[in-house]
Amino acid sequence: MNSVQSGFEDKRKPRYLAAFDFDHTMVNDNTDTVVASLLNPGDIPPEVISLSKTGWTKYMQAIFALLHQAEIKPARIKKTVVEIAETAGMVKCLKTLRANNFDLIIISDSNSQFIRDWNDAHDLTNDFAQVYTNPAHFDERGMLVLKPYERQTDCNLSAVNLCKGKALSEFISRRREDKNIRYEHVFYVGDGMNDICPALRLSEADFACMRIDYSMDKRIKKVAADNNLVLRAQTIRWTNGLDLLAAIISKIKI
Ligand SMILES: [Mg+2]
Ligand SMILES: [Zn+2]
């Protein structure tokens, strides 16, 4: 009877969703550029550098091939990734939210291998309901193989390989359809230009959480205006995991 009652009470508690970007949000650097810096700059040919302007996924696949040719082993790459520092206080922020009726997801243009390795090293893997990112794995030769998450042309605010806004909307609808979960508030936490699309899809009940003085914070109003869109969500501006956590908690009744 007790378990039935507590289960019943749990269901009636408001549920929240916090969606996190990874690079420069959860971790205080860019996983792709940190791993690319294992190569000497002179070892990256101009034709590979030029790929970075047309498609980031193709560029990173070329970088991973160069790392393989340079005999930089998977263990060294993993070590490099897991040693990237968290954005101060972010692990505590995530753990506290998770313990307080928040579902957590990641939506990132990094890749599944880096995110899994870093989350495993920080005991976070099981805290996330879903990770939306480019699938990657080390193949039998030890080369990191990367695929785009999708190829989309519907959203011109997002890269062709991942519309973060669509991923966020899909997660929210699926939770409603599969589990009858409706979120009281959605918090989207990010720093970059590719975090503007999901923020602009949030409703008035939700919160766009922007890292102060990073591109999302500096450019969101202009991008919205240029695309005849409005930011409906309320905003939280943050500098680290602890002030972010305090701001989120102040918006809800824990
Ligand atoms: Mg980012
Ligand atoms: Zn988009």
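Remember, it's 1-based here, ligands and their atoms both numbered in the order they're listed.
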Participant: Near the Mg ion (ligand 1), which protein N/O/S atoms fall under 2.8 Å?
Facilitator: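 Hits for the Mg ion (ligand 1) below 2.8 Å: Asp21 OD2, Asp23 O, Asp191 OD1.
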Participant: Using modelled atom types and a 3.5 Å cut-off, is there a donor and acceptor pairing between side-chain atoms of Asp206 and backbone atoms of Ser203?
Facilitator: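 At least one qualifying donor-acceptor pair exists.
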Participant: Flag the pair Phe20 / Phe102 as yes when their ring centroid distance falls below 6.0 Å, and as no otherwise.
Facilitator: no
Participant: What residues form a ring pair (Phe, Tyr, Trp, His ring centres under 6.0 Å) with Trp118, not counting sequence neighbours?
Facilitator: Phe22, His122
Participant: Do we see a donor-acceptor contact under 3.5 Å between the side chains of Thr133 and Ser110?
Facilitator: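 No, Ser110 and Thr133 have no side-chain donor paired with an acceptor closer than 3.5 Å.
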Participant: Quick one: do the Thr87 and Asn240 side chains pair a donor with an acceptor below 3.5 Å?
Facilitator: no
Participant: Clusters formed by hydrophobic residues whose side-chain heavy atoms approach within less than 4.5 Å: which one holds Val223, and what are its other members?
Facilitator: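 In the cluster with Val223 are Leu17, Ile105, Ile107, Tyr132, Tyr149, Leu157, Leu162, Leu168, Phe171, Ile172, Ile181, Tyr183, Val186, Tyr188, Met193, Ile196, Leu200, Leu202, Met210, Met216, Ile220, Leu229, Leu231.
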Participant: Give me the protein N, O or S atoms that fall under 2.8 Å of the Zn ion (ligand 2), sorted by chain and residue number.
Facilitator: Cys155 SG, Ser158 OG, Cys163 SG, Cys197 SG
Participant: Can you tell which of Thr25, Asp191, Ile236 makes a side-chain contact (heavy atoms from CB on, under 4.5 Å) with Cys209?
Facilitator: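 Only one option passes, and that is Ile236.
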Participant: Test Asp21 against Lys164 for salt bridge (charged side-chain N to carboxylate O under 4.0 Å, His left out), laying out the working first.
Facilitator: CA-CA 9 Å; Asp21 168 54; Lys164 291 188 170 198; 2.9 Å; yes
Participant: Quiz question: by atom type and distance under 3.5 Å, do the side chains of Thr57 and Asn134 form a donor-acceptor pair?
Facilitator: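 No, because no side-chain N or O of Thr57 sits under 3.5 Å from a partner of the opposite role on Asn134.
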